[in-house]
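Encoded as structure tokens, the structure appears first; notes follow it.
Whatever order the structure lists ligands and atoms in, that order sets their numbers, starting from 1. Residue numbers start at 1 and run along the sequence shown.
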Amino acid sequence: MSGAQLAPALLTWLQSHAQSLNQSADAAQQVLPQLVAAGLHRIGVPQALGGDGGEAIDAVDAIAHVAEHSLTCAFVLWSHRAFIDYLCVSDNPAARETWLPDLLQGRIAGATGLSNAMKFLSQLEPLQVEATPEGQDGWRVSGRLPWVTNLRSPFVVAAAVQTLQQPMPMVLAIDGRLDGVARSADLDLLALRASNTAAIQLDSVKVGPEAVLGRDGLSFLKRARPMFLSLQCGMSLGLARASLLAAEQVGSARDVLQPRIVRARAQLETLREAIRAGLESGRFVTDAPALFRVRLELAAVVQESVQLELQGSGGRAYLGDHLPDFGRRLQESAFIPVVTPSLTQLQGELSKLAGGAQ
Ligand SMILES: Cc1cc2nc3c(=O)[nH]c(=O)nc-3n(C[C@H](O)[C@H](O)[C@H](O)COP(=O)(O)OP(=O)(O)OC[C@H]3O[C@@H](n4cnc5c(N)ncnc54)[C@H](O)[C@@H]3O)c2cc1C
């Protein structure tokens, strides 16, 4: 899909709604249906599992194309697509049979509440959800997921849970329609307000064996991580491209800034190629730090690109009604460093590894 255009209907909708999706939740119910109607969530999903097939990088490119117009929609697409990928890599066929057809049809929203798991693995905080055995193969689940996006009802959310049976977490899919699942009101976000982001309280929720995405959560997360992170990189690729295009178009400073614009564009292409090659070869499964570095570098290019847009625009960028796309992208870019795993977490992991290598 690289270089391809988005479907005209989706493009028109994104262009006319980008500002309001960032600033209000008014159109939040429409986000997932618009993306699903364009079929973007099926890209890169094996045909044998009901998807449209294609390469993994095609799914990254799809998120990048959406992010060129709206990071709110790109993040919703990431959530839905990442959950679909959890089902693709899960060794539990019952989980796939239970949710994949509905996710591919857009009848249910996929959400991923794994930031707690990422921090647990970095020894930054304990798991916040617990599960105890129930009946023969089921579990009772209680706890809290403080931040989850794409909670458009009905939804299913992935969470890492602590059990007494094993020291490492298990990863479960929890259907929002079950008794004991409570979604909060939308969080009062600075931006990305139509992303259906809320907290979830789990109060003795009974789940069956189909809910187990990964009994050995560590090995599951290692398998899921390359796509999880690569899809996130699509958000940075698209946002940076949009800012660079704007930086080129806005004004007379273009000549002064052009060398930096050209350099940033080249970096984006190099980093996209690194993602494509790493996904294709499977390298990121065993060499996660290579992907961490790509995400860190992409985040830096996003910051540079937004700065170039600002510097190309000058004072006009500060007038609320002159260049609203700049204001939106400035806010959207503030999300890139904190999306799980945050840049702080990634830098911490790389420092730990560098320390261990000495
Ligand atoms: C709009 C929005 C939507 C979100 N949606 C989701 C979602 O769908 N699913 C989900 O799971 N989460 C979601 N989140 C949560 C988000 O992923 C968290 O913000 C992210 O995990 C960063 O964690 P943090 O806030 O603790 O900050 P961090 O960046 O982790 O760091 C905060 C502090 O912790 C310390 N720290 C971090 N790492 C280290 C380290 N290695 N060593 C030492 N100290 C360290 C630092 O001192 C830092 O000051 C969302 C957040 C936002 C804003």
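Counting only heavy atoms, the protein gets under 4.0 Å from atom 38 (N) of ligand 1. Put simply, atom 25 (O) of ligand 1 has no protein non-hydrogen atoms near it, under 4.0 Å away. In this structure, atom 34 (O) of ligand 1 is not in close contact with the protein, since no protein heavy atom lies within 4.0 Å of it. Proximity of atom 47 (O) of ligand 1 to the protein is not indicated, since no non-hydrogen protein atom lies closer than 4.0 angstrom.
Scanning all protein heavy atoms for the shortest distance to atom 17 (O) of ligand 1 gives T340 OG1, 2.2 Å. Of the protein's non-hydrogen atoms, the one nearest atom 36 (N) of ligand 1 is T344 CG2, 3.8 Å. The nearest protein atom to atom 42 (N) of ligand 1, hydrogens excluded, is given as L124 CD2, 3.9 Å; this is a heavy-atom distance. Of all protein heavy atoms, the one lying nearest to atom 2 (C) of ligand 1 is F335 CE1, 3.3 Å. Distance from atom 28 (P) of ligand 1 to its nearest protein heavy atom, with residue and atom name: S342 OG, 3.4 Å.
Ligand 1 places these atoms under 4.0 Å from at least one heavy atom of V148: 7 (C), 8 (O). Of all atoms in ligand 1, numbered sequentially from 1 with element shown, those under 4.0 Å from a heavy atom of Q345 are 21 (O), 22 (C), 23 (O), 28 (P), 30 (O), 38 (N). The contact set between ligand 1 and G348, taken as ligand atoms under 4.0 Å from a residue heavy atom, comprises 41 (N). Atom numbering of ligand 1 starts at 1 in the shown order; those under 4.0 Å from a heavy atom of L114 are 11 (O). Near V338, meaning under 4.0 Å from any of its heavy atoms, are these atoms of ligand 1: 16 (C), 17 (O), 18 (C), 19 (O), 20 (C), 22 (C).
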- Does the salt bridge (Lys or Arg N to Asp or Glu O under 4.0 Å) test come out yes or no for K352 and E349, once each step is laid out? CA-CA 5 Å; K352 249 193 257 170; E349 285 302 303; 3.2 Å; yes
- Message: Does D26 form a salt bridge (Lys or Arg N to Asp or Glu O under 4.0 Å) with R193? I'd like the steps, not just the answer.
- Response: CA-CA 9 Å; D26 291 351; R193 290 178 71 93; over 6 Å; no
- Evaluate the criterion side-chain hydrogen bond (donor to acceptor under 3.5 Å, both in side chains) for residue pair T72 and S195; output intermediate values, then yes/no. CA-CA 6 Å; T72 305; S195 59; over 6 Å; no
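With distances taken over non-hydrogen atoms, the option nearest atom 4 (C) of ligand 1 out of N116, T149, L350 is T149. With W147, F83, W78 as candidates, the residue nearest to atom 13 (C) of ligand 1 on a non-hydrogen basis is W147. Taking all heavy atoms of S195, S351, S115 into account, the minimum distance to atom 12 (N) of ligand 1 is reached by S115.
Each of E68, E309, E248 was scored for a salt bridge (charged side-chain N to carboxylate O under 4.0 Å, His left out) with R241, with one residue passing: E68. Just one of F335, F228, F83 meets the ring-ring contact (aromatic ring centres under 6.0 Å, His included) condition when paired with W78; it is F228.
The backbone N or O of D52 lies less than 3.5 Å from no partner atom in the side chain of R42, so there is not a single donor-acceptor pair. In this structure, the side chain of R316 does not engage the main chain of H322 through any donor-acceptor pair within 3.5 Å.
Ion pairing between R276 and E280 holds under the 4.0 Å rule for side-chain N and carboxylate O. A salt bridge links E332 and R328; the closest N-O separation between the charged side-chain nitrogens and carboxylate oxygens is under 4.0 Å. Salt bridge annotation for R215-D91: absent, with no cationic side-chain nitrogen under 4.0 angstrom from a carboxylate oxygen.
E125 and N116 form a side-chain donor-acceptor contact under 3.5 Å, judged by distance and modelled atom types alone. For the residue pair W13 / Q30, a side-chain donor-acceptor distance below 3.5 Å is found, with atom types taken as modelled.
Under 4.0 Å from ligand 1, not a single heavy atom of K352 appears. No part of L192 comes within 4.0 Å of ligand 1, judged by heavy-atom distances. Counting heavy atoms under 4.0 Å from ligand 1, residue T112 touches it through the backbone alone.
Within the 4.0 Å heavy-atom cutoff, K119 counts among the residues contacting ligand 1. The shell of residues lying under 4.0 angstrom from ligand 1, judged by heavy atoms, excludes S79.
To the nearest 0.5 Å, the span separating CG on L164 from OG1 on T132 amounts to 8.0 Å.
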